[in-house]
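In what follows, every chain begins at residue 1, and chains take the letters A, B, ... in the order their sequences are listed. What you are looking at is a predicted structure, and each value in this text was computed from that prediction instead of being measured.
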Amino acid sequence: MFHPVSSKVNFPQVEESILSLWKKHNVFERSVNARGSGSRFVFYEGPPTANGSPGIHHVLARVFKDVIPRYRVMKGYYTPRIAGWDTHGLPVELEVERELGFSSKADIEEYGIDRFNARCRQSVFGYLKQWEAMTERIGFWVDLKHPYITMDNRYIETVWWAIKQMWDRGLIYQGYKVTPHCPRCGTSLSSHEVALGYQDNVEDPSIYVKFKVVKGLPSLPDKPTYLLAWTTTPWTLPGNTALAVAPDAEYVVVAGDDEYLILASALFKQAKLEGCEIVERMKGSDLATITGVNYEPLYNPHKYGVERSRFETVNETGVLGARRLKLQKPNEKLTYKVIATDFVSMEEGTGIVHVAPAYGEVDYQAGQDNDLDFVHPVDLQGIMTGNYPFSGRFVKDADPLILDDLKSRGLLFRSEKIRHTYPFCWRCEAPLLYYAKQTWYIRTTAVKEALVAGNDEINWYPEHIKYGRFGDWLQNNVDWAFSRERYWGTPLPVWQCEACGSYDCVGGVDELKGKAGLSGLKEPLDLHRPFVDELTFTCSQCGAKMKRVPEVIDCWFDSGAMPIAQWHYPFENDTLLGDGRFPADYICEAVDQTRGWFYSLHAISTLLFNRPCFRNVICLGHILDAKGEKMSKARGNVVEPMAVIDKHGADAVRWYCLTASPPGNVRRFSERLVSEVTRRFLLMLWNVYSFFVTYANIDHFVPGSGGALEESELDRWIISELNQLIADVDGALEAYNPMEAGRKIESFVNELSNWYVRRSRRRFWKSESDADKLSAYNTLYQCLVTLSKLLAPFTPFLAEELYQNLVGSAFPEAPDSVHLTDFPVADVTKVDKQLAADTRLVMKISSLGRAARSQAGIKVRQPLAHVLVSLASNQEQEILERLKPQILEELNVKDVIIRPPTVDISVSVPAVVIVTEGDYSVAVPTELSPELRAEGLAREIVHRLQTMRRSSGFDIADRIVTYYQGEAYIKQVMEDFADYIKQETLSRELVDGVPHEGVFTESHRLGDYEVLLGVKRLE
RNA sequence: GGGCCAUUAGCUCAGUUGGUUAGAGCGCAGUCCUGAUAAGACUGAGGUCUCUGGUUCGAGUCCAGAAUGGCCCA
């Protein structure tokens, strides 16, 4: 006996009991360990940060992360899955700062780095319970008991080892580079972080500034001459040390009332100067070389208490290419020059570009190439230094004051506003400022070819990411600025000598402990700041004291090192690279990780081992709300995932995530869509399951009984479809395409429910337990059991429920969970393509026939003498001839008359309704004989009695006595069709007469006749 | 400014290499079926396949350009 299954189901409730079953029987661990001898399938978990509650996009990712490994386990692969937590980085610090009400790094230092980091350590798992609960509830199987945690000493030690490997190969250097700097967080942002914070339509000043040429042009000495330049960042003007022109472009000198202005002729009109007279033309290269076209600084740094320096190159081991700035002496008569470069745009501005080497990447490069001065009157908080009229102000606030100042000095030609895209800090939304700063870099450009070549070996889903977004990113690779001037992160393991300035990189704890003259060591060891800052040792070069540099590293480096750091390689597990645990077969994250984790994984792996560390990656699109808008707290449209799961169940959410749309597309999410999935798919499957169990129990069906099966055509058909389905699902999952696999399952369940079960109903109902009935049971049983296995990776709860009841209760020796079974193997010999096509033909004709009946207004319950059918080919005629019985049943007709394709059936018989689709036509006669009418009435009576049985709460198998009272015609029909009516309604007898008390009665109108019907249950 | 993706019914999505009249589910209106009943079947309304050009005997599909949205880069 199977456990009775009601057609009414509460999925969340079923799932809860499955969860406790898994827990009780330790199913996840066993599913992994049972495959211990199989080949490894390696999954890498991209570690989330647990300092915020998980969102629906996390659920999406975890569902996709789960489905493939579950499939692999069932295919016999040994597939351990290790959870991971990302614990370092600015997000964590910002959260703690918010809690403490801090607004700057000074607040943190005052509070104490030790206390601050202790709070970070605590904060980072603030939502761990929620994360674990969500992970468990949705059935994402991953080892949460032994996760890798990026802040653990052992994890950090591996990260140090990795950095040391790169250091030894000269791949780490400290350089000045212009980096996007967040003035509030006080740190540089990596380019992948910058990418997170662009905002459109930002309003900024758009100003034209006049730079006075020192002596005027030799040919035009009568009036002062100005170079006209354009900028949107007035605050960078004090840092101006050159003006750049395009060497091949034409420049013009135009005459104003009491001045000459120089600008590119191409931008002459755009600067609204077309009314002015052009007095001279010259090439940009001439402008740059003409003696005397030096200009006066807008702000001579020496007058405002600001330093001026120039670059010089130094070479040291490990710090290749480092540059130092050499301080210059004050010069009251300072002038700057015009340079010719290749970056001057003729699209906007004046063709003369303001160059401030401290504040732009190209500016900085131009400064190096042209020995320009370097002036940097802005501190790390974005405050103007020196004693300008606008000193002490935040740069953006200084802008209007600078304009006022220039205007009062007659140097502002024009001032407007512009709307453009500008980057902001992705966490705190402060505008980013481009600064030349000393930062530690990883020279990823040195392995660019290997990065690109490695990408060739990776399978991307969707494929366009490979040579699109990710490939482009690799092609445009720049060195990785990976140091952060922050507190809560993996400390950069570089020590510098206080005296001689030489560096040492430490690659492990033992190495550190072995350093001569080590002091400051405390146990238990904590590799974080400030404790690691207190560790000093003796300089091997000069014997003075080595102190750690202050920086920590980008947390993307942490997570990107997880392939080795989760194993504490090479300090433990040193066979990792050769024993199958590296690289990953599968990873999966959202598309924003292209420049995040996907990149840091790939970069670190390539730098260390010169090979990629993942083979297949599913890259998920982002989730939008029901209206297609981005979910955000501000909009208040964030979907709380647990609420949806509690209401509809995890399987519904999983199935929606997996099948609703291609994984790489953006997708809309709403509770409504999840509930649709439940109705359309889960409930339909459940109904088939419930139907099966109900009748199997009535008939005491025992799975596998009955020896060789006498399969009907219908059985052979669904078994053929089933085996085709197995092959399709297997192939799609093998190809990392759960959506396709899921949709195939959906259409199979639809066929199973709406054709196989519907067509087979009478076989289950009939009283005698013959071979045909047994075959039907065995066939449906096989379909359901196979479905439970096919569905196990997708909807593990529902799959388990089916399996437990269908298999667990019948085969005590079977594995005690569907997740411990093998994935079904398709028996291709059972796939009958011809039969599939034949059945499609029957479906087609039935559908047309129903349409014709519908149009003729004749219920299917009313038998008809025949239908006329016209087909596409003679071959199909033969097929349909064979499958006639099915059509007879489906359409409730006594005969099917098949006409050759060449005969127009509309003229062959009068009084018909015809429905045609393509080459297929079905015609039904509208005339009814008295015999057919009587039979129709009998069926109508049966129908009414069935409904009465149900509404009076009888069980399906209850025997009854039926009473009837009506006119002569009714009595005649009741007598003529007595056997039929008794059989259909399980009536022991049909009693003509007034029902006595205790009988459920109803009066019915059947066409022109009145009848009183009564039913009474027999004990 | 550049790149990638998307745009098909009111909504969510299919549409293989170009080939009759562009499909499904949901929703809506109606009919039917029902011993799966909080399902199911059928019919109907609902489409300038975002737009403009081009290639072709033939374009939702291929090419070019544009628009809108999303993501990314600068």
Do [X] and [Y] have side-chain N/O donor and acceptor atoms under 3.5 Å apart?
X: A:Thr236; Y: A:Thr233; result: yes
X: A:Thr232; Y: A:Asp204; result: no
X: A:Asp728; Y: A:Gln724; result: yes
X: A:Asp363; Y: A:Tyr434; result: no
X: A:Tyr756; Y: A:Glu721; result: no
X: A:Ser206; Y: A:Trp230; result: yes
X: A:Asp699; Y: A:Tyr777; result: yes

- line: From the candidates B:rC13, B:rG40, B:rC72, the one with an atom nearest any side-chain atom of A:Met684 is B:rG40
Just how far, in rounded Å, is [atom2] of [N] from [atom1] of [X]?
X: A:Glu740; N: B:rA14; atom1: CD; atom2: C1'; result: 12 Å
X: A:Tyr656; N: B:rC26; atom1: OH; atom2: P; result: 16 Å
X: A:Leu60; N: B:rC71; atom1: CG; atom2: C1'; result: 15 Å
X: A:Trp473; N: B:rA74; atom1: CH2; atom2: C1'; result: 11 Å
X: A:Glu746; N: B:rG23; atom1: CD; atom2: C1'; result: 16 Å
X: A:Phe598; N: B:rC71; atom1: CZ; atom2: C1'; result: 14 Å
X: A:Asn750; N: B:rG23; atom1: CG; atom2: C1'; result: 15 Å
X: A:Leu685; N: B:rG40; atom1: CG; atom2: P; result: 13 Å

[atom1]-based separation of [M] from [N] [nearest Å]:
N: B:rG19; M: B:rC4; atom1: C1'; answer: 31 Å
N: B:rG23; M: B:rU16; atom1: C1'; answer: 14 Å
N: B:rG3; M: B:rU48; atom1: C1'; answer: 31 Å
N: B:rU31; M: B:rU68; atom1: P; answer: 46 Å
N: B:rC5; M: B:rA14; atom1: P; answer: 16 Å
N: B:rG53; M: B:rG1; atom1: P; answer: 25 Å
N: B:rA24; M: B:rG70; atom1: C1'; answer: 26 Å
N: B:rA6; M: B:rC51; atom1: C1'; answer: 16 Å

Within the structure shown, what part of the strands sits under 4.0 Å from [X] by heavy-atom distance: base, sugar-phosphate, or nothing?
X: A:Tyr695; result: base
X: A:Thr985; result: base
X: A:Pro462; result: nothing

query: Does the B:rA36 base have a donor-acceptor partner in the side chain of A:Ser753 within less than 3.5 Å?
result: yes
message: Protein within reach of the bases, or only the backbone? For nucleotides 1-8 of chain B, mark each nucleotide 5' to 3' as B, S or -, using heavy atoms under 4.0 Å.
response: --BBS---
Base-pairing mate for [N] - Watson-Crick or G-U, with both contacts under 3.5 Å:
N: B:rA6; result: B:rU68
N: B:rG23; result: B:rC13
N: B:rA29; result: B:rU43
N: B:rG1; result: B:rC73

field: Shortest non-hydrogen contact from A:Phe977 toward A:Ala938
entry: CG-CB, 3.6 Å
- prompt: So, for A:Cys619 and A:Val591, which heavy atoms are closest and what is the spacing to 0.1 Å?
  reply: SG-CA, 3.5 Å
- prompt: Heavy atoms, side chains only, cut-off 4.5 Å: are A:His464 and A:Arg469 in contact?
  reply: no
field: A:Met739 or A:His622, whichever maps to the more 5' nucleotide of RNA chain B
entry: A:Met739
message: Return whichever of A:Val688 or A:Val591 has its heavy-atom-nearest nucleotide of RNA chain B closer to the 5' end.
response: A:Val688
- prompt: Is it true that A:Arg944 and A:Glu940 have a side-chain N and a carboxylate O under 4.0 angstrom from each other?
  reply: yes
Between protein and nucleic acid, restricted to nucleotides 61-66 of chain B and to nitrogen or oxygen atoms under 3.5 Å apart, what atom pairs and distances do you find?
none

